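Computed from a prediction, not measured in an experiment: that's the story for all the values here. Just so we're on the same page: letters track the sequence lines, and every chain starts at 1.
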Protein chains: 2
Amino acid sequence: MVNGSVMGTKTTREHIVEAADGLFYENGYEHTSFADIAQAVGISRGNFYYHFKTKDEILDAVIALRQTNTRGMLEEWEARGEDAAERIRCFIRILIANRAKIMAHGCPVGTLCAELTKLDHPAQADAGRIFTLFQAWLSRQFAALGRAGDADELAMHLLARSQGVATLANAFRDEAFVNREVELMCDWLNTCRADTPDEDLKTPEEKH
Amino acid sequence: MVNGSVMGTKTTREHIVEAADGLFYENGYEHTSFADIAQAVGISRGNFYYHFKTKDEILDAVIALRQTNTRGMLEEWEARGEDAAERIRCFIRILIANRAKIMAHGCPVGTLCAELTKLDHPAQADAGRIFTLFQAWLSRQFAALGRAGDADELAMHLLARSQGVATLANAFRDEAFVNREVELMCDWLNTCRADTPDEDLKTPEEKH
DNA sequence: ACTTCTATAGGACAAGCGTCCTAATATGTC
DNA sequence: GACATATTAGGACGCTTGTCCTATAGAAGT
């Protein structure tokens, strides 16, 4: 029977991937062992091997899960935020919502990409694609804001700022700093709209 | 005889620390083994143990080296840059100067802090102190720029932006992005001075 | 009831790790 | 030249790692 995780009962495989996701985030990929994950799930290492033959396979599954979760989150923001600026603000505010975890372990995406780079791991590109999801989504929002011309650049800029805040929040454990930077990003976002008010007012409808 | 590395001949210990510094940067702390470092220096693992009894000891030495190097770099900028704004621009431009290495391995400070966090390593605080060196130095520059009131915040802001650029430069390997963001930071720096021109013109001299 | 497939457990394995020990060699000092 | 110290080499150790194998228990299908 194939359980696609539709019901409340989760597959063992799903349990494994979720536990690995958390452990990779908190302790890093390399520093997390098969035994650690197995213990977290409450299964034996042998059973583990039945589901994943290789550590790389688990990593791939974790990255795929994060991609899926990210897509879901972006869709939710897309549905919730009434205008593009408010949607972008949803993105900015994850720094507030996930403040505690970010201060404790950094950004899940940024730290994973950095670690995989150092390991020269084949999954580098896949992990980087999570960044691309955010980048593309933000870019579309900025385009909807009337900044189609430099939407990609604006998206990268905002992504970079949020990454920098995550890194320093982790290093300094300074909550006030996070709040301040979030404010600054929101201020900056407002100036983005003001730059081209004419074109913005002409095409406020959805474009795809 | 105690060789304080004054002459051209370097101590074996210094060779080890420098090799470890490079390997920790390129491959990460945990992913670098005693054997790796010994091989890089060209000595036996036994000799290695004579100089460092523990992997943590090497890490401490590497962090101390980086602190020293950072202090030296900051002093050099202090001496070279004619005014505070130019000195801050020296900081911003390391993203350009170290572009290739940053795209390949990220920021040495940021990635080390992130890794030590995940390992829950005792040296976390020491590594974080390298960030503090930059922060304090930048803060003094902003104060000299006439922004004594919010110098700390401005310093953290700039530090965060450079960290974000380093992270994304590493993930996307996008050189144009780095150049663009450096430009933006320089632009932002110019607006900093303009904010309080009166006070700035009254006290342009050094304060310590 | 019997077989087949899925899932779980537990241990075996070689390799690599940090650590430590001992023997040999260089480098002085008297 | 004899001796003490500083430095190097090389291997042994116990442990953990990722990987793999085999045996057992349950569910499904006939």
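Between the side chains of His31(B) and Asp36(B), not a single donor N or O lies within less than 3.5 Å of an accepting N or O. Gln141(A) and Trp77(A) are not linked by any side-chain donor-acceptor pair at a separation below 3.5 angstrom, with hydrogens and angles left out of the test. In this model, a donor atom of one side chain and an acceptor atom of the other lie less than 3.5 Å apart for Ser139(A) and Asp152(A). In summary, the side chains of Asn47(B) and Ser44(B) do not present any donor paired with an acceptor at a separation below 3.5 Å, with no hydrogens or angles considered.
We find that CD1 of Ile16(B) is positioned 14 Å from P of dG18(C), with the value rounded to whole Å. One interatomic measurement links the two molecules: CG of Leu59(A) to C1' of dT19(D), which rounds to 17 Å at whole-angstrom precision. Atom-to-atom, CZ of Phe48(A) to P of dG11(C) comes out at 19 Å; the value is rounded to the nearest Å. Summarising the geometry, the separation between OH on Tyr50(B) and P on dA6(D) is reported as 6 Å, rounded to the nearest angstrom. Rounded to whole angstrom, the span from the NE2 atom of His15(A) across to the C1' atom of dT8(C) amounts to 15 Å. The nearest whole Å value for the distance from the CD atom in Glu30(B) to the C1' atom in dG18(C) is 12 Å. Atom pair His31(B):NE2 and dG18(C):P shows a separation of 11 Å (rounding to whole Å applied).
Put simply, Thr12(A) has no side-chain N or O that comes within less than 4.0 Å of OP1 or OP2 on dA7(C). At least one side-chain nitrogen or oxygen of Tyr49(A) sits closer than 4.0 Å to the OP1 or OP2 atom of dC20(D). Of the side-chain N and O atoms in His51(B), none sit less than 4.0 angstrom from OP1 or OP2 of dA6(D). A close approach under 4.0 Å does not occur between any side-chain nitrogen or oxygen of Thr54(B) and OP1 or OP2 of dG18(C).
Note on ring orientation: taking the six-membered ring where Trp is involved, the planes of Trp188(A) and His157(A) are tilted (angle from 30° to 60°).
In summary, Glu78(A) and Arg140(A) engage in a salt bridge, as defined by a charged side-chain N under 4.0 Å from a carboxylate O. Using a 4.0 Å cut-off between a side-chain N of Lys or Arg and a carboxylate O of Asp or Glu, Glu76(B) and Arg80(B) qualify as a salt bridge. Classification of Lys118(B) and Glu30(B) as a salt-bridged pair fails, no side-chain N sitting under 4.0 Å from a carboxylate O. A salt bridge links Glu86(A) to Arg93(A): at least one charged side-chain nitrogen sits closer than 4.0 Å to a carboxylate oxygen.
Residues Gln163(B) and Phe131(B) are in side-chain contact: their nearest non-hydrogen atoms beyond the backbone lie under 4.5 Å apart.
You'll find that the side chain of Asn47(B) is closest to dA9(D), out of dA9(D), dA9(C), dC20(C).
Near DNA chain C, meaning a heavy atom under 4.0 Å from it, residues 33-46 of chain A has Ile43(A), Ser44(A), Arg45(A), Gly46(A) in order of number. Of the residues in residues 111-127 of chain B, none lies under 4.0 Å from DNA chain D by heavy-atom distance.
Between Phe172(B) and Phe177(B), the gap from one ring centroid to the other reaches at least 6.0 Å.
Relative to the ring axis of Tyr29(B), Lys55(B) places its NZ or CZ within 45° and under 6.0 Å from the centre.
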Atom pairs, N/O to N/O, protein against nucleotides 22-25 of chain D, distance under 3.5 Å?
none

